[in-house]
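Heads up, the thing below is written out as structure tokens.
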Amino acid sequence: MSTSTSVFLERRLFLLSTPGLVAGLLIGALTLLALLIGQRDASADAAARATFAEKYAQELLDWRKTLEAIEAGDAAAQPREARPMNLRFPAVLPTPPLADFVAGRDQLYPSTTVISG
């Protein structure tokens with residue numbers, strides 16, 4: 001009997017034994033759990049990115065409406081209102097490849113920030 005045959009038989013015996021089956025089921029369950037948690041985190045991250053961008057888009061829209069009202073004479077001009085330095089733009093990084101597997105990356109490298117004009 002060759003070495004490769006004996007190694008194959010030993011692996012087969014281990015995998016068909018009770019500890020081998022438990023180890024295989026535990027690895028499979030942990031893998032499935034990790035994928036589900038990763039998918040949940042990736043979905044939550046995508047929703048947070050969209051909410052972040054919408055929040056600042058709404059602020060920009062409100063600023064533009066105020067500016068248009070000042071130009072039309074419908075509102076009194078405040079010294080701070082029409083300054084472009086008051087604008088804040090959202091900067092959102094795209095979703096990374098294999099986002100389901102990168103849990104905790106946002107704590108080290110944030111994916112959203114605000115750029116002030």
Side-chain angles (χ1 to χ4, degrees):
M1 189 171 358
S2 69
T3 306
S4 64
T5 304
S6 64
V7 169
F8 170 74
L9 290 175
E10 287 179 19
R11 287 182 184 166
R12 192 174 84 184
L13 284 174
F14 174 73
L15 291 176
L16 295 179
S17 67
T18 303
L21 289 173
V22 169
L25 289 173
L26 185 62
I27 289 171
L30 289 175
T31 301
L32 181 63
L33 182 64
L35 286 172
L36 291 175
I37 289 172
Q39 187 177 25
R40 184 196 67 198
D41 287 348
S43 298
D45 184 48
R49 289 171 194 235
T51 303
F52 181 80
E54 287 173 8
K55 174 188 169 192
Y56 287 101
Q58 183 61 40
E59 283 184 12
L60 181 63
L61 186 61
D62 292 342
W63 179 81
R64 289 184 70 104
K65 285 181 182 178
T66 303
L67 189 60
E68 289 171 359
I70 290 171
E71 288 177 350
D74 298 337
Q78 300 292 327
R80 187 166 150 64
E81 290 287 338
R83 291 187 178 175
M85 286 78 65
N86 295 339
L87 293 178
R88 298 184 326 168
F89 297 97
V92 180
L93 291 175
T95 304
L98 301 175
D100 294 353
F101 299 107
V102 291
R105 182 190 57 80
D106 278 347
Q107 282 76 28
L108 295 174
Y109 304 109
S111 59
T112 56
T113 189
V114 177
I115 299 172
S116 296

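Along the sequence shown, the residues carry numbers beginning at 1.
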**Complete:** CG (L13) and CZ (F8) are apart, to the nearest 0.5 Å, by 9.5 Å

**From CG (L21) to CG (L26), nearest 0.5 Å** = 12.5 Å

**Complete:** Sorted by chain and number, sequence neighbours left out, side-chain hydrogen bond (donor to acceptor under 3.5 Å, both in side chains) with Q58 holds for D62

**side-chain hydrogen bond (donor to acceptor under 3.5 Å, both in side chains) partners for T51, two or more places apart** = none

**Message:** Quick check: is L67 connected to L60 through a chain of hydrophobic side chains (ILVMFWY, heavy atoms under 4.5 Å apart)?
**Reply:** yes

**Identified side chain to side chain contact (heavy atoms under 4.5 Å, CB included) counterpart of I27 within the set L30, L25, T31** = T31

**Hydrophobic cluster (4.5 angstrom, side-chain heavy atoms) - remaining members for L36** = L32

